[in-house]
Amino acid sequence: MGLHANSAQGDLKVLGLSTFGFFQSSGGLNLSEDAMIVYQSPTGLFERRICLKDI
């Protein structure tokens, strides 16, 4: 149930996982000076890259 493609969340504690597929960070997110945001089409044919320092 926890691995199906829907919004249900199964109990994965038996596998040693508290959450699955969620971003877990206790100290925030540190990005380098050269970090980019990459927008990509579902097919991967089109891509647009934006440097965070340019925003």
Side-chain angles (χ1 to χ4, degrees):
M1 181 176 172
L3 298 176
H4 288 177
N6 58 22
S7 62
Q9 293 182 357
D11 184 18
L12 300 177
K13 291 179 184 170
V14 295
L15 300 175
L17 300 171
S18 59
T19 57
F20 184 74
F22 291 96
F23 178 72
Q24 297 176 6
S25 176
S26 60
L29 182 64
N30 295 324
L31 299 173
S32 72
E33 188 176 304
D34 299 324
M36 294 182 153
I37 297 175
V38 179
Y39 296 100
Q40 192 174 48
S41 68
T43 61
L45 294 174
F46 303 101
E47 183 176 283
R48 188 173 82 183
R49 294 174 180 247
I50 299 174
C51 292
L52 287 181
K53 63 184 174 184
D54 295 338
I55 295 178

Leu52 side chain reached by Glu33 side chain, heavy atoms, under 4.5 Å: no
If hydrophobic clusters are built by linking Ile, Leu, Val, Met, Phe, Trp and Tyr wherever their side-chain heavy atoms come under 4.5 Å apart, do Ile55 and Tyr39 end up in the same one? yes
Separation of Asp54 CG from Met36 CE (nearest 0.5 Å): 8.5 Å
If Ile, Leu, Val, Met, Phe, Trp and Tyr residues are connected whenever their side-chain heavy atoms lie under 4.5 Å apart, and connections chain through other members, are Leu45 and Val38 in the same group? no
Ile37 vs Arg48, side-chain contact (heavy atoms from CB on, under 4.5 Å): CA-CA, chis, key distance, verdict: CA-CA 8 Å; Ile37 297 175; Arg48 188 173 82 183; over 6 Å; no
With a 6.0 Å cut-off (strictly less than), is the heavy-atom count around CD of Glu47, excluding the residue itself, greater than 12? yes
